[in-house]
Amino acid sequence: MIVAIDGPAGSGKSTTAKLVGIKMGFLYIDTGAMYRAMALKTKLNGVNFSDKENIIRLLSDTVIEQVVDKNTGDTKTFLDGQDVSSVIRTPEISLGVTAVCEIGEVRSKLVELQREMSKKGNVILDGRDIGTVVFPDADLKFFMIADINIRAERRLKELEEKGIEASFSQVKEDIERRDHRDSSRSNSPLKPALDSIFIDTSKMSIEQQADFITELIKKKL
Ligand code: CDP
């Protein structure tokens, strides 16, 4: 079974998908982390985030993998064999990923990888284009939304927990900028699939979100 969760930044997709993955024994694939890993690769090689030609050149020499940590259920992201799960969350990478993920060659490579990884069994994936482009025939599609201030507060808390410094206004601005650019790009824009189920998480807990999705999965299994 393929479960797709799309939606804007900070709407609760990753935390919910991870919990559903644990509850249902589904593999959780964090596609945003893959684009972030490519942005990190760009930075580590001293390439400008807008330098399309050199980013494409880096692609053939890049290995991105995701592995589920058996103890925590966390999906860890590896770049060229190194665990980069934390360093890809910095404001600098959040800023750079927007341009990197718009490159057609980057998207093709990562979408192929996402489809390949999904052959392993039951999977839940979160991102921007899962229900529209990666898996238009997914068994269940969700589109998560939430009030912008709530999303910014949640993201700030997450960053604080990871020891990454940021302010509320900086985080809110980043989310608004990315939402706008992700929605208006021509290649795989952020938009709900016609057959997706909307979940407004503004007043919901992670547990409630996960239970809602889990119940629908159980009905389909
Ligand atoms: O965690 P957050 O929602 O802030 O972002 P993310 O899921 O880590 O994704 C980071 C960025 O990657 C997004 O702002 C999108 O620009 C891009 N992305 C994408 O284009 N397609 C996806 N399937 C996932 C992420």
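Counting starts at 1 for both ligands and their atoms, following the listed order.
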Residues in side chain to side chain donor-acceptor pair (under 3.5 Å) with Asn45, at least two apart?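 Scan of Asn45 (side chain to side chain donor-acceptor pair (under 3.5 Å), adjacent residues dropped) gives none.
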Within a radius of less than 6.0 Å around CD of Glu173, do more than 12 heavy atoms belonging to other residues, nucleotides or ligands occur?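 No, the 6.0 Å shell around CD holds no more than 12 heavy atoms from other groups.
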Quick check on Lys43: does its NZ atom have over 12 non-hydrogen neighbours (other residues, nucleotides or ligands) under 6.0 Å away?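 Atom NZ in Lys43 is not crowded, with 12 or fewer foreign heavy atoms closer than 6.0 Å.
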At less than 4.0 angstrom from any atom of ligand 1, which residues have a non-hydrogen atom? List them by chain and residue number.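 Contacting ligand 1 under 4.0 Å are Ala9, Gly10, Lys13, Thr31, Gly32, Tyr35, Arg36, Arg89, Val97, Cys101, Arg107, Gly127, Arg128, Asp129, Arg155, Arg178, Asp182, Arg185.
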Any side-chain heavy-atom pair from Phe142 and Leu216 closer than 4.5 angstrom?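 A side-chain contact under 4.5 Å exists here.
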Do Lys23 and Glu207 meet the salt-bridge criterion of a basic N to acidic O distance under 4.0 Å?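 Answer for the salt bridge query: yes.
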If you measure only the distance, is there a donor-acceptor pair under 3.5 Å linking the side chains of Thr201 and Arg154?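 There is such a pair between these side chains.
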